[in-house]
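Below: the structure, in structure tokens.
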Amino acid sequence: MSSEGRIPQSDSRRWVDATPRVSGEPLEQLPLDLYIPADALAIWLEQFEGPLDLLLYLIRKHNIDILEIPVARVTEQYLDYLALMKSMAIELAAEYLLMAAWLTEIKSRMLLPPEPRDDDEEEPLDPRAELVERLLEYERTTRAAGLLDEQPRRGRDWFDLSTEPPDRLPAPAVPADLAGLIAAMQGLMREGSVRRAHHVRAEALSIRQRMTEILVALAERPSCELSEVFHVEEGRMGVAVTTVAVLELARTHALDWSQESPFGPVTLFRLAGKTPEPAVEEEMPR
Amino acid sequence: MTEKAPPSDHADTPVSSGSEPPEGLVELVEALLLTVDEPLSLEALSTMVGQETAPELLEAALVRVAKRWQSHRFIELANREVGGRRVWHLVATAAVAPYLKAGDPGRVPKLSRAALETLALIAWRQPITRGEIEAARGVAVNPQILKQLAERGWVRSLGVKDSPGRPEMLGTTREFLGDFGLNSLAELPDFERFAGQDDIDV
Amino acid sequence: MTEKAPPSDHADTPVSSGSEPPEGLVELVEALLLTVDEPLSLEALSTMVGQETAPELLEAALVRVAKRWQSHRFIELANREVGGRRVWHLVATAAVAPYLKAGDPGRVPKLSRAALETLALIAWRQPITRGEIEAARGVAVNPQILKQLAERGWVRSLGVKDSPGRPEMLGTTREFLGDFGLNSLAELPDFERFAGQDDIDV
């Protein structure tokens with residue numbers, strides 16, 4: 001056994017299966033007659049993630065080159081669908097109608113002589129260019145999503161195993177670090193107890209900005225890992241700014257932190273209630 | 001508690017006795033794979049077991065562990081490449097999923113297509129704003145989906161963008177990488193490669 | 001990838017065939033014990049495996065799982081009583097502990113900044129109350145930190161202060177001096193003399 005990524009695979013599910021299904025049965029033909037029940041059509045429409053998805057489906061179904069979309073034909077089909085939906089009193093999301101308007105506009109612009117361009121480029125602007133780019137982008141998105149879905153996923157395709165660690169695990173000895181201790185006291189003296197005038201250098205990274213980022217991160221979730229708010233690429237300066245930002249936020253009771261186990265990850269968490277506007281000078285804290 | 005043999009058991013067997021690992025070593029490797037939370041490389045195993053155990057012997061022990069679980073219906077020794085190193089871990093296969101679900105029906109909700117597409121955009125295009133996701137998908141982003149992705153620990157805010165409206169920028173977490181068996185975002189194939197005429201019938 | 005038998009394997013074997021559990025059931029119970037984070041009761045197992053499996057069969061499967069691990073030097077099936085219910089889990093024995101320690105160089109224990117600052121304040125300013133530490137550091141003292149420092153044997157209570165709330169006064173121990181290579185507290189540098197002379201180089 002040596003195959004790459006040997007995490008168990010799920011049965012390979014087909015991702016982009018745009019064949020509409022009604023009650024599980026594939027609907028191969030476009031619904032041309034009006035005997036299709038309205039709710040079946042509604043279910044069919046629900047299969048699509050929006051107008052881009054529906055358009056891509058039409059294009060794929062008819063084996064159309066996405067770069068050479070016959071806009072007139074595709075627009076007609078698209079509008080046919082919408083008309084059918086409307087005749088069945090199916091409420092369409094605004095996005096579908098917006099797409100209809102856009103397609104119609106592109107169609108009419110295709111009929112006009114190409115607009116002359118300001119720059120020297122030879123190719124005139126194709127009215128379809130933006131549509132094509134958006135379709136391609138959406139297609140990339142669906143394929144990326146398909147790839148993610150096929151990726152063996154923890155909790156679906158494989159599960160962590162664990163035995164309980166022995167309870168007599170010796171507590172790791174904390175080394176006595178006198179230099180660290182002295183540095184810590186020195187830092188405290190500077191920050192708080194003894195305040196003296198000192199020279200302040202300009203900061204390249206804004207503490208306030210960083211504080212905001214941390215607050216925003218904590219607005220989304222009640223807590224986050226301390227490691228998440230550090231940006232490795234900012235180097236020591238970044239570490240300092242982030243640390244000061246975290247400390248300042250803690251000082252103003254905007255957040256607090258906890259550490260579940262000694263030496264474990266530090267979790268920052270939002271304090272219940274309001275998140276006060278951090279009161280800090282734009283310079284370094286004392 | 002049953003009295004277990006002392007850990008030194010395998011150590012007194014000659015270390016270089018061909019490639020047949022002593023049983024104690026096999027069991028130690030197995031126990032380490034089960035006890036340590038993350039997949040283990042040969043180097044990591046070697047640090048734990050002791051440098052005096054030859055790497056070939058460790059490898060042989062891994063092969064033996066794999067064999068021990070080969071016929072097991074629900075568990076196997078998996079390995080993958082992490083930054084040029086092979087790492088090993090014992091995992092349960094998808095076959096246990098229905099049973100786990102029976103024990104905890106709320107467990108592992110399925111990802112909708114909309115959620116997967118949103119997650120894909122966040123993964124490939126981060127930092128990305130909600131507006132950019134909406135533009136790419138052509139539909140409004142359902143806040144429930146972002147909430148779901150955040151709750152699973154896959155998506156987080158990267159701060160706000162310094163542009164009008166100060167939109168929030170989204171990105172993926174380390175947990176996302178771990179859950180999808182990725183070592184880094186660099187392992188995701190180039191997004192641009194997903195478009196093309198050739199394989200339109202994906 | 002080895003093809004694993006489907007999970008339904010054990011289900012078609014007759015359920016009440018004496019007390020000999022089918023192999024598939026034994027392996028399933030084993031996998032569930034390893035996959036679920038917490039110890040499992042017979043009831044929990046039964047919910048997962050399915051009510052149609054008789055409890056006696058489940059118990060027999062547990063016995064078989066215990067047997068499978070009996071000769072293992074490092075892992076065993078343990079059970080204990082929790083709230084009147086017996087729960088089962090696979091645990092690593094103490095024999096693994098030294099190896100786990102060796103393998104975690106990343107866990108080279110270090111005091112967090114918060115712990116260092118707290119210890120520093122206790123060392124320099126003893127006797128000091130928790131409130132005074134909080135005032136000096138500007139943040140609440142995490143009780144974990146005090147616990148950690150006490151467990152390490154560096155910090156002890158010096159009694160309570162005769163002031164409102166009767167707060168506990170903290171100080172360092174003789175062990176603290178020994179571990180930090182000090183003969184007496186007087187050897188700690190006197191900061192009041194140097195404080196504030198350097199630039200803050202951020």
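Letters A, B, ... mirror the listed sequences (proteins, then strands); counts begin at 1.
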Between Ala31(C) and Val96(B), which heavy-atom pair has the shortest distance, and what is it?
-> CB-CG1, 3.8 Å
Interatomic spacing from CZ in Arg73(B) to CG in Leu28(C) - rounded to 0.5 Å | 10.0 Å
Does atom CZ of Arg85(C) have more than 12 heavy-atom neighbours from other groups under 6.0 Å away?
-> no
Who are the salt bridge (Lys or Arg N to Asp or Glu O under 4.0 Å) partners of Arg86(C), not counting sequence neighbours?
-> Glu81(C)
Leu34(C) portion near chain B, given a 4.5 angstrom heavy-atom threshold = side chain
Is chain B contacted by the side chain of Arg68(C), its backbone, both, or neither, given a heavy-atom distance below 4.5 Å?
-> side chain
So, does Glu27(C) use its side chain to make a donor-acceptor pair with the main chain of His72(B) at under 3.5 Å?
-> no
Near Arg174(B) CZ, under 6.0 Å, is it more than 12 heavy atoms from other residues, nucleotides or ligands?
-> no
For the atom pair CG (Leu32(C)) and OH (Tyr99(B)), what is the distance rounded to the nearest 0.5 Å?
-> 8.5 Å
